[in-house]
Peer 1: 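Got a structure for you, written out below as structure tokens; questions coming shortly.
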Amino acid sequence: MKGDVVKANIDRPLLAIVMMLFAYLCFSFIDAGAKWLALAGLPALQLSFMRYIGHFAISLVIMVRDGAQTSRFKSGNSTLLLFRGALLMLSTVFNFAALRYIPLTLTSTILFSAPIIICALSGPLLGERVGIWRWSAIIVGFAGILIAIRPFDENFHWAVLLSLCGASSFAGYSILTRRLAGVVSTDTMQFYSGAVGTIILLPFALYEWQTPATTGDWTIMIALGLLGWLGHQVLTTAHRFAPASTLSPFAYSFILYLTIWSYLVFDHLPDVWTIAGAAVIVAAGLTIWIRERRLSERV
């Protein structure tokens with residue numbers, strides 16, 4: 001079947017790194033654009049719907065172009081694909097809702113607790129053995145989250161709980177992606193991700209719909225879905241040119257991008273607690289990555 005052809009991997013690490021950086025630039029624009037529109041009064045559920053309908057439309061065009069058959073969607077993995085799509089949708093809804101209230105730098109810091117949550121859950125859910133080094137990094141990483149959000153500080157905002165829910169949902173999505181990788185084609189996973197978000201969010205978006213005030217706001221809102229699909233497609237393609245062990249550290253460029261957007265667009269720089277928390281979370285994430293890389297090299 002044409003749509004299921006798997007392309008051979010090619011060793012081009014520099015190209016893969018550039019693609020990785022570009023993918024996270026796309027993702028950073030989505031968050032910055034969503035915050036801009038949320039502050040303009042557009043509801044989070046409407047913005048989330050626009051994030052997925054563009055993704056779904058492009059995926060549908062690709063599936064039709066490639067002559068996809070309906071049998072591709074009737075496999076034993078359909079339930080997992082639907083659950084995976086629902087988790088990705090929830091991560092977006094929680095994140096977009098949080099963006100109205102808390103800075104981009106804080107939401108991005110919390111989001112990068114996802115690799116730590118993934119590591120903590122990989123044992124019970126994937127049957128992977130997590131040793132003392134990675135458990136230590138997990139504990140340190142959660143300490144970093146507490147530093148960033150300061151739950152007992154007078155400046156604590158309840159919206160960080162939304163962001164934490166978003167990070168947890170994204171961790172679940174990533175675990176299912178790892179489980180389905182190599183079993184389900186990338187185009188099929190992209191299609192399900194877009195379809196689930198579009199179908200579930202449609203009635204809520206129609207109920208809460210508010211028309212953007214300017215052409216610029218319309219452009220940003222439409223770009224949410226286009227860049228969502230493009231970012232995921234480029235990210236997936238990058239892994240054809242270099243292994244995840246090479247590319248994973250470059251995901252932290254997302255925090256840098258959002259810090260720049262936060263300053264240029266919203267005139268906000270992270271406070272010392274957010275910087276400290278981010279540093280601890282990144283250090284914990286890199287420790288987990290280094291340990292997993294060494295273990296994979298022994299196999």
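Each residue takes its place number in the sequence, starting with 1. Hydrogens, waters and symmetry mates play no part in the numbers below; they use all other heavy atoms, side chains included.
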Peer 1: Which heavy-atom pair separates Ala159 from Ala98 by the least distance, and what is that distance?
Peer 2: O-CB, 3.7 Å
Peer 1: Centroid separation under 6.0 Å, is that true for the rings of Phe204 and Phe49?
Peer 2: no
Peer 1: Side chains of Phe96 and Lys35, heavy atoms from C-beta outward: is any pair under 4.5 Å?
Peer 2: no
Peer 1: Is there a side-chain contact between Tyr101 and Val160 in this structure, where contact means two heavy atoms from C-beta onward sitting under 4.5 Å apart?
Peer 2: no
Peer 1: Where do His232 and Gln190 land on the side-chain hydrogen bond (donor to acceptor under 3.5 Å, both in side chains) test, with the steps shown first?
Peer 2: CA-CA 8 Å; His232 281 285; Gln190 286 269 56; 5.0 Å; no
Peer 1: Quick one: do Trp229 and Ser59 satisfy side-chain contact (heavy atoms from CB on, under 4.5 Å)? Show the steps, please.
Peer 2: CA-CA 8 Å; Trp229 175 88; Ser59 298; 3.6 Å; yes
Peer 1: Do Leu230 and Phe22 have side chains that approach each other closer than 4.5 Å (heavy atoms only, starting at C-beta)?
Peer 2: yes
Peer 1: How far apart are the C-alpha atoms of Asn95 and Thr92, what are their side-chain angles, what is the distance that settles it, and do they pass the side-chain hydrogen bond (donor to acceptor under 3.5 Å, both in side chains) test?
Peer 2: CA-CA 5 Å; Asn95 185 44; Thr92 302; over 6 Å; no
Peer 1: Please report the shortest heavy-atom distance between Thr198 and Tyr52, naming the atom on each side.
Peer 2: OG1-O, 3.1 Å
Peer 1: Give a yes or no on whether the ring-centroid distance for Tyr173 and Phe170 is below 6.0 angstrom.
Peer 2: yes
Peer 1: Measure the shortest side-chain to side-chain distance between Tyr24 and Phe250 over non-hydrogen atoms and say whether it is less than 4.5 angstrom.
Peer 2: no
Peer 1: State whether the side chain of Arg51 and the backbone N or O of Gly225 hold a donor-acceptor pair below 3.5 Å, judged by distance alone.
Peer 2: no
Peer 1: Is there side-chain contact between Ile281 and Thr109, with heavy atoms separated by less than 4.5 Å?
Peer 2: yes
Peer 1: Just wondering, more than 12 heavy atoms not from Tyr252 lying within 6.0 Å of its OH?
Peer 2: yes
Peer 1: Would you mind reporting whether Pro270 and Thr259 have side-chain heavy atoms less than 4.5 Å apart?
Peer 2: yes
Peer 1: State, with a plain yes or no, whether a side-chain heavy atom of Asp31 is found less than 4.5 Å away from one of Phe254.
Peer 2: yes
Peer 1: Starting from the C-alpha separation in whole Å, work towards a yes-or-no answer on side-chain contact (heavy atoms from CB on, under 4.5 Å) for Phe241 and Met19.
Peer 2: CA-CA 10 Å; Phe241 299 119; Met19 295 179 75; 3.8 Å; yes
Peer 1: Set out, in order, the CA-CA distance, both residues' side-chain angles and the distance that settles side-chain hydrogen bond (donor to acceptor under 3.5 Å, both in side chains) for Ser108 and Tyr257, then state yes or no.
Peer 2: CA-CA 10 Å; Ser108 63; Tyr257 289 142; over 6 Å; no
Peer 1: Under 4.5 Å between any side-chain heavy atoms of Pro103 and Phe266, yes or no?
Peer 2: no
Peer 1: Decide side-chain hydrogen bond (donor to acceptor under 3.5 Å, both in side chains) for Asp217 and Trp36; before the verdict, give the C-alpha distance in whole Å, the side-chain angles of both, and the deciding distance to 0.1 Å.
Peer 2: CA-CA 9 Å; Asp217 288 352; Trp36 175 272; 3.0 Å; yes
Peer 1: What's the spacing between Leu15 CG and Thr237 OG1 if we round to 0.5 Å?
Peer 2: 9.5 Å
